[in-house]
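Below is one structure, written out as structure tokens; comments come after it.
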Amino acid sequence: MALKEELEALRDETLAAIAQAATSDALEEVRIGVLGKKGTLTAVLRGMRDVPAEERPVVGKLSNEVRDVIEGALEEKKAELKGAELAAQLEASAVDITLPGRAMPIGSEHLINRIIRECTDIFAGIGYEVEGGREIETDWYNFTALNAPKDHPSRSMQDTFYIVDRSGEVSNVRGESDVLLRTQTSGTQVHVMEEKKPPIYMISPGKVYRHDVADPSHLPQFHQIEGLVVDKGITFGDLKGTLDYFIKAFFGEERKTRFRAHFFPFTEPSAEADVSCGICGGEGCRFCKHTGWVEILGCGMVDPNVFENVGIDPEVYTGFAFGVGVERLACLKYDVPDLRMLLEGDMRFLRQF
Amino acid sequence: MLVSLKWLDTMVKVPDTLQDFCDRLDLTGTGVEGVEKLGANLEGVRIGLVKTCDPHPDSDHMHVTTVDFGDGEEPTQIVCGAPNVRAGLKVAVATIGTVLPGDFKIKKSKLRGVESCGMICSERELNLGSSHDGIMELPEDAPLGESFAAWRGLTDTVLDLEITPNRPDCLSMKGFAREVGAMYHVPWHYDPPCDVPGPTNAEDVRDLVSVEIDDPELCPRYTARIIRDVKIGPSPQWLVERITALGARPINNVVDISNYILFELGQPLHTFDLRAFPKGTDGKHHVGVRAARDGEKFTTLDGEERTLTSDMALITDGENPVALAGVMGGLDSEVTDTTTDVLLESATFSTAHTSRTSRNLSLVSEASIRYERGVDASTCDEYSAIAAALIAEVAGGTVCLEVVDEYPIRTERAKLTLRPDRLRAHIGADITDEEQFRILTDLGCDVEGKPGDTQVEVIAPTFRPDLTREIDLYEEVLRIYGMDRIPSTLPGGAHAGGRTIDQQRIELMAQTLRACGMNETMTYSLVPAGDMDAARMPAEGRGEAVELINPMSGEQSVLRRSIIPGLLRSVAYNQSRGVFDVQLFERGVVFGAAEGRKSPKERTMLAGVLAGSFTLPGWNQKAQAIDFFDAKGIVDNLMRELCVQKLQFKALDADEAPWLTPGRAASVIAGGRVLGWVGEIHPLVCQAFDVEGSVAAFEFDVHQLLGVTGDMRPYVDVPVYPGIEVDLAIVVAEDVTAERIEQCITSAGKKGPFESVRLFDVYRDDERVGVGKKSMAFRITYRASDRTLTSEEVDKAHERIVAKVMKATGGEVRS
């Protein structure tokens with residue numbers, strides 16, 4: 001029975017060695033030492049041929065049992081060590097998750113273009129087309145066709161930039177030129193009405209120019225969004241309802257609008273629209289000069305003279321028009337202290353939006 | 001215009017709540033720009049009774065008084081230096097805390113050791129007159145303890161109103177009272193400030209003065225009166241109060257009255273010293289109205305010598321100018337202390353000429369403001385009579401009989417048609433016929449017709465030159481009825497809208513550039529004339545500079561022909577503020593003029609600049625300096641998003657693109673169109689724009705981009721069978737481009753199972769690769785769509801490609 005005892009001793013030794021193995025490598029050494037080609041158990045099993053035949057079944061069974069036990073213990077220990085090693089590895093790879101992420105910085109949209117896009121989306125949603133327009137206009141489109149009086153101060157060189165006319169024609173306005181940088185997007189109204197038949201539902205965002213030195217509240221170039229509707233049966237109530245919808249969509253449902261009678265040459269009746277102050281909610285504060293209201297835009301019913309200038313019968317069609325200052329909307333929404341920032345390209349400003 | 005509510009209240013009932021009144025004014029078209037409370041600084045001045053009055057123990061002229069305010073409190077001790085202070089006198093006392101005119105704050109103090117708790121006031125201390133002989137002695141019935149200002153009626157509220165240019169009638173107290181009457185549908189009335197006619201003499205002014213108007217267009221009506229034997233002196237208190245409340249400075253009684261009538265009735269008047277008009281051979285004073293001569297000089301009463309043009313109108317003494325018609329009088333003809341006889345002008349002048357004269361001379365007066373909007377000619381005489389009577393009453397003297405009245409162009413009342421149904425349809429509210437008529441009547445119109453008529457005739461008053469068309473009546477009805485009462489509706493018509501395909505694609509361009517890390521900006525369209533030279537950009541293809549006739553400065557004298565110079569200025573702006581990583585783009589219009597073209601060409605461009613690096617050096621990455629390939633990579637992404645096919649980059653040489661660094665400049669081409677360029681900005685250009693380091697940039701013509709933009713990319717099957725990648729490194733001469741080799745590989749691969757090729761390394765080494773040579777490594781992917789390739793197939797295909805490329809480029813395989 002020496003072999004039997006030998007097997008049992010080997011089993012106990014091996015199990016102890018397995019229990020002591022601290023790493024996968026150490027465990028593998030134990031396995032090779034016992035189960036490898038030159039391993040101790042392998043040697044024992046090789047010695048079976050010297051065992052008397054009558055003992056073989058007993059010893060064979062025992063040796064198989066010992067091998068199974070050892071292999072089981074090895075598997076178990078291997079799994080245990082693997083788990084521990086993974087845990088250690090995970091622990092070692094933990095990072096300070098407050099360190100900055102690694103991202104390709106995404107660019108920003110210019111504030112003015114953002115506002116124009118938002119407004120365009122609102123009007124596109126209620127079926128308005130978007131019209132482009134030229135930044136250089138003639139006196140006719142910018143003033144005359146819009147019913148502006150011949151001697152209106154806005155036509156003067158103090159207010160409007162005129163450009164050199166290279167057509168060789170003899171100019172008749174102010175003896176110089178009737179080509180100018182448009183001072184309002186309203187000329188688009190005239191172009192669209194000349195080119196298209198009613199019904200017309202359009203907006204036209206664009207850049208306009210005034211003879212103003214750049215300072216915190218003025219720019220020689222800024223943006224307007226012109227709106228024009230021409231259809232049968234359009235009423236002043238439609239104008240109110242449309243702008244009410246726009247102002248709520250842009251500023252928020254809780255905001256109120258009011259319309260004040262005003263005067264513009266190209267609309268009649270004319271009005272200015274106010275939105276309830278977003279700072280005080282209409283109670284009155286410094287921002288709204290204690291009125292509770294902030295002026296947003298000018299609007300009105302299209303003047304019959306303008307219709308006649310473009311060959312639309314004012315007895316058949318009526319319409320309304322409005323013009324919104326984009327920089328004004330931007331300032332109301334974001335409280336930008338100095339309009340010049342919009343044109344400086346300062347990365348620290350641009351990246352805020 | 002300034003409006004005194006105290007004055008207004010004499011004509012129409014002013015609403016009790018100021019805020020409601022202002023709101024209603026705002027809504028009906030009269031903007032309230034400011035509210036000033038007069039007399040507010042006299043709030044602490046109260047009426048007191050001097051109880052006791054004893055000589056100051058330490059002064060030979062001061063008295064120590066106690067003053068009672070009738071409030072049951074102990075009398076207040078006040079030291080007073082006035083000679084007329086005495087017990088039993090009612091006085092005006094500035095109590096502690098009052099701030100008197102001149103920012104003089106009343107504090108508790110000691111005068112020669114005696115405590116004094118206030119000040120007994122003289123007229124001058126309250127800014128009520130010049131008397132400083134002693135304290136004001138108030139009548140016995142002055143109410144003890146009350147506010148002095150309230151008792152004397154010194155408190156007033158003055159509104160600063162924005163009158164729109166179509167409403168000249170509102171530029172007077174009378175006209176504004178009418179407006180308020182219509183706003184609230186309440187009665188209003190106007191009473192002249194004196195009996196008309198006042199004291200008269202026996203002379204007939206028509207025997208004394210003749211008026212000649214050269215051109216009736218300049219002056220539709222001119223009336224003249226003469227007031228004899230006036231005494232020039234200060235105006236009475238009521239007159240001073242009224243005209244100062246409306247912003248005029250008191251001068252003398254005659255001038256003040258002309259201002260008073262202007263404010264009250266909106267009729268500008270001019271008072272001349274009759275001596276300024278020498279008698280002619282017919283024994284009459286001659287008044288002429290004529291156009292000025294170009295270059296004619298005239299000194300206005302502000303002492304400025306003005307150079308006139310033939311567009312301006314003058315009042316003359318028959319020959320020489322005495323006033324700039326409708327704008328300002330002359331220095332030599334004004335009423336002075338020695339004036340005894342006054343010639344009173346009440347006239348109307350051309351709106352357009354007055355407006356241009358005022359603008360061209362930068363000379364704005366209360367008269368010019370009214371004349372350029374339109375003064376009602378039909379009341380010139382009536383208002384002149386009131387003014388003459390008031391002068392005679394206030395300044396003494398007598399008015400000559402009758403009036404000289406030249407009235408070549410008579411003002412007629414406009415007759416308009418009103419269709420009440422159409423008004424309702426236009427406004428979108430059920431405003432009854434009766435209400436429409438009532439509003440128009442309240443505003444001074446006559447309505448001929450009755451409720452229910454399809455149309456009625458409305459006769460507009462002469463003081464409303466703006467009412468010329470039916471639509472003008474709609475506006476009047478709407479604003480008085482109240483815009484707030486009109487129900488809000490949305491138009492009902494069927495229509496569809498949205499952005500056009502091109503507008504959507506332009507948005508996509510901006511979106512893609514933002515996704516690439518570019519920040520959108522805007523720069524000035526107005527730029528210095530030397531911009532293109534500084535940027536080394538030729539005029540070719542960009543047109544001539546568009547010049548402004550009236551630039552504000554040399555820095556902004558022409559319109560931009562490229563967006564790049566503006567973007568370079570922004571790069572420099574950032575760098576000068578310590579921001580070195582700059583990635584900017586702009587979509588905007590550039591302009592180009594051409595001889596014979598009236599309106600310059602406008603092109604929308606998309607341009608970008610990159611400087612510094614994309615990322616800050618971080619804990620886990622290095623900041624990599626931006627170069628040509630960053631810009632090119634962005635262009636690649638942009639073209640991918642726009643589905644541009646057959647994109648090509650073609651090297652631009654120094655002659656073709658002098659603004660770019662030679663060897664780092666490419667033209668971007670697709671579908672036979674030049675879309676734009678990409679490259680690094682020439683160092684000399686950077687220097688000219690104060691930009692440090694290198695700048696990579698691109699510029700595209702948006703119209704060209706839209707021309708090659710595709711709807712979609714075609715679908716290609718996702719591979720099912722594995723691909724095999726084989727690397728090929730070849731050594732070629734420097735002038736062999738990557739594009740050339742890729743084209744060779746692609747064309748050689750066409751016959752076999754070739755899929756794609758990608759450059760992954762470029763390596764130079766004089767020893768290992770050779771001088772003037774470079775090694776380029778490509779990864780070639782082979783794949784068949786229907787089977788897994790065998791290595792024999794791949795080897796065969798690869799060998800063919802290698803052989804072709806070597807032959808075509810003269811390169812050799814690097815081992």
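Proteins come first, then strands; the chains are lettered A, B, ... in the order of their sequence lines, and each starts at number 1.
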Highest number of heavy-atom pairs under 4.5 Å with chain A among P165(B), G492(B), G588(B), A510(B) belongs to P165(B)

Turns out that what part of V213(A) lies under 4.5 Å from chain B's heavy atoms comes down to both

Does a side-chain N-to-carboxylate-O contact under 4.0 Å join K256(A) and D244(A)?
no

Checked K289(A), E315(A), E268(A), R117(A) vs chain B; the most non-hydrogen pairs under 4.5 Å come from E268(A)

Applying a strict 4.5 Å limit to non-hydrogen atoms, the region of R258(A) in contact with chain B is side chain

Measuring only between side-chain heavy atoms, which start at C-beta, is V546(B) closer than 4.5 Å to V558(B)? no

Most heavy-atom pairs under 4.5 Å with chain A, out of A594(B), G517(B), C22(B), belong to G517(B)

S177(A) and I549(B) have their tightest heavy-atom pair at CB-CD1, 3.3 Å

Determine whether Y209(A) and Q221(A) satisfy the following criterion, side-chain hydrogen bond (donor to acceptor under 3.5 Å, both in side chains), listing intermediate values before the conclusion. CA-CA 4 Å; Y209(A) 299 84; Q221(A) 64 184 54; 4.7 Å; no

Most heavy-atom pairs under 4.5 Å with chain B, out of I106(A), L99(A), D303(A), L219(A), belong to L99(A)

Checklist entry - How about T309(B) and D311(B): does a side-chain donor come under 3.5 Å of a side-chain acceptor? => result no

Cut-off 4.5 Å, heavy atoms of chain A, and the answer for L478(B) is side chain

Checked H495(B), R569(B), E595(B) vs chain A; the most non-hydrogen pairs under 4.5 Å come from H495(B)

Ranked by heavy-atom pairs below 4.5 Å to chain A, first place among G596(B), A494(B), S599(B) goes to G596(B)

Under 4.5 Å to a heavy atom of chain A? For A572(B) that would be neither

All heavy atoms of Q583(B) vs all of S613(B), minimum pair found to be NE2-O, 3.0 Å

Bottom line for Q19(B): the part with an atom under 4.5 Å from chain A's heavy atoms is neither

If one checks every heavy atom of L111(A) against chain B at 4.5 Å, the contacting part turns out to be neither

If one checks every heavy atom of I136(A) against chain B at 4.5 Å, the contacting part turns out to be both

Next on the checklist: side-chain hydrogen bond (donor to acceptor under 3.5 Å, both in side chains), that's the test. Do N142(A) and T138(A) meet it? Break it down for me.
Outcome noted: CA-CA 6 Å; N142(A) 197 67; T138(A) 55; over 6 Å; no

Whatever's closer than 4.5 Å to a heavy atom in chain A on D466(B) counts as neither

| task | Begin with the C-alpha distance, continue with both residues' side-chain angles, and end with the deciding distance and a verdict on side-chain contact (heavy atoms from CB on, under 4.5 Å) for Y474(B) and R422(B). | result | CA-CA 9 Å; Y474(B) 295 4; R422(B) 181 158 164 79; 3.2 Å; yes

Honestly, the part of D26(B) sitting under 4.5 Å from a heavy atom of chain A is both

Take a 6.0 Å sphere around CD of Q624(B) and say whether it holds more than 12 heavy atoms from other residues, nucleotides or ligands.
no

Note to self: Any salt bridge linking E179(B) with R167(B)? Criterion: basic side-chain nitrogen under 4.0 Å from a carboxylate oxygen.
What the structure shows: yes

Cut-off 4.5 Å, heavy atoms of chain A, and the answer for P491(B) is both

Heavy atoms of I486(B) and G428(B) approach each other most closely as CG2-O, 4.0 Å

Checking heavy-atom separations under 4.5 Å from chain B, one finds in residues 197-207 of chain A Y201(A), K207(A)

Under 4.5 Å to a heavy atom of chain B? For P149(A) that would be neither

Turns out that what part of E109(A) lies under 4.5 Å from chain B's heavy atoms comes down to both

Looking only at E602(B), R577(B), R479(B), most heavy-atom pairs under 4.5 Å shared with chain A are made by E602(B)

Assert top hit (heavy-atom pairs under 4.5 Å, partner chain B, pool P314(A), G345(A), P265(A), G107(A)) equals G107(A)

Among E507(B), R419(B), E586(B), Q511(B), the residue with the most heavy-atom pairs under 4.5 Å to chain A is R419(B)

Okay, H223(A) and chain B: the region with an atom under 4.5 Å from a heavy atom over there is side chain

Applying a strict 4.5 Å limit to non-hydrogen atoms, the region of M301(A) in contact with chain B is side chain

Ranked by heavy-atom pairs below 4.5 Å to chain B, first place among A214(A), P269(A), G132(A) goes to P269(A)

> Charged N to carboxylate O below 4.0 Å: is that the case for E547(B) and R166(A)?
Replying inline: yes

Applying a strict 4.5 Å limit to non-hydrogen atoms, the region of D274(A) in contact with chain B is neither

Chain B shares the most heavy-atom pairs under 4.5 Å, among F161(A), F353(A), Y128(A), with F161(A)

Whatever's closer than 4.5 Å to a heavy atom in chain B on F123(A) counts as neither

Nearest heavy-atom contact between G292(A) and C288(A) is N-SG, 3.1 Å

Okay, T318(A) and chain B: the region with an atom under 4.5 Å from a heavy atom over there is side chain

Note: P465(B) and P168(B) closest approach over all heavy atoms is CG-CG, 3.8 Å

The interface call for E131(A) against chain B, heavy-atom contacts under 4.5 Å, is backbone

Turns out that what part of A429(B) lies under 4.5 Å from chain A's heavy atoms comes down to neither

Cut-off 4.5 Å, heavy atoms of chain B, and the answer for D346(A) is both

Cut-off 4.5 Å, heavy atoms of chain A, and the answer for M518(B) is backbone

Note: L342(A) and H110(A) closest approach over all heavy atoms is O-NE2, 2.9 Å

Q.
Under 3.5 Å, is there a donor on one side chain and an acceptor on the other for R560(B) and T523(B)?
A. yes

Bottom line for L584(B): the part with an atom under 4.5 Å from chain A's heavy atoms is side chain

Cut-off 4.5 Å, heavy atoms of chain A, and the answer for E162(B) is side chain

Applying a strict 4.5 Å limit to non-hydrogen atoms, the region of S355(B) in contact with chain A is side chain

query: Is E475(B) paired with R469(B) through a side-chain N to carboxylate O contact shorter than 4.0 Å?
result: no

Please check if the number of heavy atoms outside H290(A) that lie under 6.0 Å from its NE2 is greater than 12. yes

Most contact-rich option vs chain B, by heavy-atom pairs under 4.5 angstrom, among D121(A), V229(A), T291(A), T257(A), is D121(A)

Applying a strict 4.5 Å limit to non-hydrogen atoms, the region of F320(A) in contact with chain B is side chain

Under 4.5 Å to a heavy atom of chain A? For L567(B) that would be neither

